[in-house]
Structures are given as C-alpha cells and as structure tokens.
Amino acid sequence: MRYAMAIDTRKCVGCSDCVVACQIENKVPEGFCRDWVVEATSGTYPKLELEIRSERCNQCGNAPCVRCCPTGSSHYAEGGIVLVDPDKCIGCGACIASCPYDARYVHPEGYVDKCTFCIQRVRKGQQPACVEVCPTKCMYFGDLDDPNSEVAIKLKERKHKTLIPEAGTDPHLYFLI
Ligand code: SF4
Ligand code: SF4
Ligand code: SF4
C-alpha cells in the first residue's frame, strides 16, 4: 500500500477551503498551517500562465526528515505516510532544515508538526479533510498500488509532475497539469 494524493491544477481555484478544513480537523494553531495555496506564474507578458497549487508534505518515499531525525520521532507509518511522534520529538529542527518543501513547523507545544494525510480519518476509511471539502473536487487520494483507486486512475490518464524532483525524495504528492 502506498498512499498518494493528486491535485488537478486546472481545477483548483485557490479558494483555500482545503487550508481551513485542515486547520479545523487537525487543530492547527493560529498562525501556522499544514497545507497552503501557491499561485505560480510562468512565461512572459502577454503570454503569462497561472498555476494554482494546494501544497503540503509530499509524504516522500525517500524522506530526508526521517533519515536525519536523531530520535526516531519522524517515521513511516502504514502506506508510507510520514508521521512525527510528539513524545519522541526534542524539537531540534533537523527535519525542518532537511525538508526541501518547507512542509514542517514547530508547534507551540514544542514538537514538530506537518500534514499526515489526515491519517486519523484514513484509518476510519474516510478521505483527508482537504479532499472532502474541496468545492471543485480537484483532489484525489488513495492507494497507488490499487490500479482501481481514483488517484491511480488519474495519474494514468493525465500528465502530471512532482515538485523539486531533483531532490530525489520520491514525493507522493502529484500535480495534474
Ligand atoms: Fe484548490 Fe480545492 Fe484547495 Fe480550493 S479547496 S484551494 S479548489 S485544492
Ligand atoms: Fe519529510 Fe518534507 Fe518529504 Fe514531508 S515533504 S516527507 S516533511 S521531507
Ligand atoms: Fe526529529 Fe523532532 Fe528533531 Fe524533527 S525536531 S528531527 S521530528 S526530534
């Protein structure tokens, strides 16, 4: 089992409902976020293109944050989801420095926090909160090893990319382009 998420950049409207849903579901403290929306422009005037992306931890298959954690707090859970065990975290910040995606923050209670693909919901057979609330239904989540999962089907049908592939982190967050 390999959990993955694909986000359709052609359908995302940048409404940030995914950010708000995450903050409520995961009790993210005010001023911090586990997911965020990026508006990236490319090209030169008058031929400019705008890409809107909802970003979060890439749940990397080759995660530097797991490799560098001195206490084993950052670890792999089922389906390759990268988690932080708050009880083992000493707040050294090594994982924050190692993440090419700037996906982690220090929780005011002293441990490091980030997106978990809402593992508490996934374990109950539910979708991550962001996927559930997205008004344009542009996010797809599931098991990449299941060829019938929505995410596997979308990745087969559509051109897609990952962010900073040159970092060699094997991201499990895909963007349909
Ligand atoms: Fe994009 Fe959906 Fe997030 Fe809105 S809720 S910003 S449409 S991914
Ligand atoms: Fe770790 Fe960053 Fe990859 Fe998430 S995106 S698994 S925090 S290296
Ligand atoms: Fe591990 Fe916590 Fe240090 Fe990050 S801050 S590397 S999770 S002990």
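Each ligand, and each atom within it, is numbered from 1 in the order the structure gives.
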Protein heavy-atom partner closest to [atom] - residue, atom, separation in Å:
{"atom": "atom 2 (Fe) of ligand 1", "result": "Cys134 SG, 2.3 Å"}
{"atom": "atom 1 (Fe) of ligand 1", "result": "Cys12 SG, 2.3 Å"}
{"atom": "atom 3 (Fe) of ligand 1", "result": "Cys18 SG, 2.3 Å"}
{"atom": "atom 4 (Fe) of ligand 1", "result": "Cys15 SG, 2.3 Å"}

Number the atoms of ligand 1 from 1 as they appear, then name those within less than 4.0 Å of a heavy atom of [X], with their elements.
{"X": "Val13", "result": "1 (Fe), 7 (S)"}
{"X": "Val37", "result": "6 (S)"}
{"X": "Cys138", "result": "2 (Fe), 8 (S)"}
{"X": "Gly14", "result": "1 (Fe), 6 (S)"}
{"X": "Pro135", "result": "5 (S)"}
{"X": "Met139", "result": "8 (S)"}

Within-shell test, Thr136 vs ligand 1, heavy atom, strictly < 4.0 Å
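Checking ligand 1 against Thr136, which is what was asked, there is a heavy-atom contact under 4.0 Å.
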Contact check, side chains of [X] and [Y], non-hydrogen atoms, under 4.5 Å:
{"X": "His75", "Y": "Asp85", "answer": "yes"}
{"X": "Glu55", "Y": "Leu163", "answer": "yes"}
{"X": "Phe32", "Y": "Val106", "answer": "no"}
{"X": "Pro100", "Y": "Ile164", "answer": "yes"}

Hey, which protein N/O/S atoms does atom 1 (Fe) of ligand 2 have under 2.8 Å?
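Correct list: Cys65 SG.
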Just do the side chain to side chain donor-acceptor pair (under 3.5 Å) check on Gln120 and Asn26 with the steps written out, would you?
CA-CA 9 Å; Gln120 71 281 9; Asn26 296 298; 2.9 Å; yes
Any idea which part of Ser54 is under 4.0 Å from ligand 1, heavy-atom wise: side chain, backbone, both or neither?
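Under 4.0 Å from ligand 1, Ser54 contributes side-chain atoms alone.
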Check the pair Asp8 / Arg158 against salt bridge (charged side-chain N to carboxylate O under 4.0 Å, His left out), numbers first and verdict last.
CA-CA 9 Å; Asp8 190 342; Arg158 291 276 302 275; 2.9 Å; yes
Quick one: does Asp145's side chain have a donor or acceptor within less than 3.5 Å of a partner on Met1's backbone?
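Side chain of Asp145 to backbone of Met1, a donor-acceptor pair under 3.5 Å: yes, one is there.
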Is it the case that the side chain of Ser149 and the backbone of Asp143 share a donor-acceptor pair, with hydrogens and angles ignored and the cut-off at 3.5 Å?
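Present.
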Run Ser74 and Arg104 through side chain to side chain donor-acceptor pair (under 3.5 Å) and show every step you take.
CA-CA 11 Å; Ser74 288; Arg104 295 175 166 234; 3.0 Å; yes
Angle between ring planes, Tyr3 versus Phe141, binned at 30° and 60°: parallel, tilted or perpendicular?
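Judged by the thresholds at 30° and 60°, the geometry between Tyr3 and Phe141 is parallel.
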Is the ring pair Tyr174/His172 parallel, tilted or perpendicular, if the boundaries are 30 and 60 degrees?
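Judged by the thresholds at 30° and 60°, the geometry between Tyr174 and His172 is perpendicular.
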Rounded distance [0.5 Å steps], CG in Asp113 versus SG in Cys57:
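Rounded to the nearest 0.5 Å, the CG-SG separation comes to 10.5 Å.
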